[in-house]
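Quick notes on the structure that follows.
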Amino acid sequence: TSSGTGVENVKVSFCHIDPATGLNDVREAFCPLQMFMTDKRGRFQGEIRVSDPSWTNLFEYFNITAEKIEVMPNGAVVNHQFLPPSQIMSLRHSIGKVSTSIVDNTSVALTGYVRFDPTNVGGNDCPFAGVPVNLLRSSGEVTTVISAADGFYQFSVSQGEVVHVYISDFQGHSWNSKLVATKSNTTYAPSRSPSAKPSYMP
């Protein structure tokens, strides 16, 4: 997403570009040449073959595209839109590692902070690090992230998706929550919503 939240299950394809046409090589073995799937952090890695008996250039060029299609619980189909829609990357055999970045403009970043209740810490704003924060999707899938040193956590959800964010029992704490902000095209469960604070210290 534009906020930097990773989007999982995105199919990233690499196609070899035919230097004679400047377009994707239509031969099946070269388009796609390789495909990867992003993990929960929105990352992918793998090897790309940059040599072939029919390739004679010092640099070879590849077209990178991303695709993700979701079917929502209400039956709506969400075809994710990425920016840029495609990227051209040049590679040569001697290059060991390269990276690329693609932004999903369809997903929404859901962010929040886990903090101690100020009334229990002398009115101070104290973050709570290392707390497992869970996101429950309508499909029943649960994604868990750990709050950072400043208490921050984030998830990536699709537009129109209904989600529930909650913190299970953790080190004897009880929890209160407050919904700080929403986007109109995403529905958040009203209870145990993005900002959570333990009601007392252990």
Side-chain angles (χ1 to χ4, degrees), residues 1-14 32 34-46 63-87 89 97-115 127-168 170 175-198:
T1 65
S2 57
S3 68
T5 306
V7 180
E8 65 177 321
N9 296 327
V10 176
K11 183 171 67 175
V12 181
S13 301
F14 284 70
Q34 187 62 277
M35 290 191 298
F36 304 97
M37 193 71 72
T38 59
D39 59 20
K40 291 185 177 181
R41 300 175 298 169
R43 299 178 179 178
F44 69 91
Q45 64 179 6
N63 186 22
I64 307 170
T65 57
E67 178 184 10
K68 181 176 183 178
I69 299 175
E70 285 186 283
V71 178
M72 310 306 293
N74 63 1
V77 177
V78 177
N79 191 347
H80 289 241
Q81 303 298 313
F82 296 91
L83 185 68
S86 63
Q87 297 184 40
M89 175 180 288
K97 181 184 294 186
V98 294
S99 62
T100 185
S101 177
I102 303 172
V103 177
D104 185 350
N105 281 342
T106 311
S107 295
V108 177
L110 190 158
T111 64
Y113 291 87
V114 183
R115 294 189 172 99
F128 197 164
V131 178
V133 183
N134 307 296
L135 180 140
L136 173 64
R137 303 181 187 274
S138 299
S139 63
E141 178 187 1
V142 176
T143 302
T144 302
V145 298
I146 305 299
S147 61
D150 59 355
F152 180 76
Y153 64 88
Q154 62 182 2
F155 298 97
S156 173
V157 298
S158 298
Q159 294 184 15
E161 185 176 11
V162 178
V163 298
H164 185 109
V165 176
Y166 65 97
I167 299 174
S168 301
F170 181 71
W175 305 92
N176 296 320
S177 60
K178 178 182 178 183
L179 184 63
V180 177
T182 65
K183 289 185 178 293
S184 59
N185 53 9
T186 303
T187 303
Y188 299 101
S191 62
R192 291 183 180 179
S193 45
S195 291
K197 301 176 181 179

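- Contact record, G151 with P127: N-CB, 3.7 Å, taken as the closest heavy-atom pair.
- For E8 and T38, the side-chain atoms include no donor-acceptor pair closer than 3.5 Å.
- Looking at E141, its side chain never comes within 3.5 Å of a backbone N or O of L135 through a donor-acceptor pair.
- With a 4.5 Å cut-off on side-chain heavy atoms, Q81 and D104 do not count as touching.
- Remark: N134 pairs with V142, T144, Y166, S168 by the side chain to side chain contact (heavy atoms under 4.5 Å, CB included) rule, at least two apart or across chains.
- At a threshold of 4.0 Å, the pair E67-K11 counts as salt-bridged, since one of the basic side-chain nitrogens sits closer than that to a carboxylate oxygen.
- By the 4.5 Å heavy-atom criterion applied to side chains, F14 and N63 are not counted as neighbours.
- Shown are L83, I64, T65; of these, the side-chain contact (heavy atoms from CB on, under 4.5 Å) with I102 is made only by I64.
- In this structure, F155 and V145 approach most closely via the heavy-atom pair CZ-CG2, 3.4 Å.
- Taking the side chain to side chain contact (heavy atoms under 4.5 Å, CB included) definition, one finds that V131 meets it with V114, F128, S147, I167, F170, W175, sequence neighbours left out.
- Using a 4.5 Å heavy-atom threshold, the side chains of T100 and M89 count as touching.
- For P32 against S13, the heavy-atom pair with the smallest separation is CB-CB, 4.3 Å.
- In this view, Q34 and F36, I48 satisfy the side chain to side chain contact (heavy atoms under 4.5 Å, CB included) rule, not counting sequence neighbours.
- Closest of all the heavy-atom pairs between S156 and G6 is CB-O, 3.1 Å.
- Of all non-hydrogen atoms in S101 and Q87, the two that sit nearest each other are O-NE2, 2.6 Å.
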Show your reasoning for whether side-chain contact (heavy atoms from CB on, under 4.5 Å) applies to V7 and F82.
-> CA-CA 11 Å; V7 180; F82 296 91; 5.7 Å; no
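- Within a 6.0 Å radius of CD in Q45, other residues, nucleotides and ligands contribute 12 heavy atoms or fewer.
- Of the possible polar contacts, none joining the T111 side chain to the Q154 backbone as a donor-acceptor pair under 3.5 Å is found.
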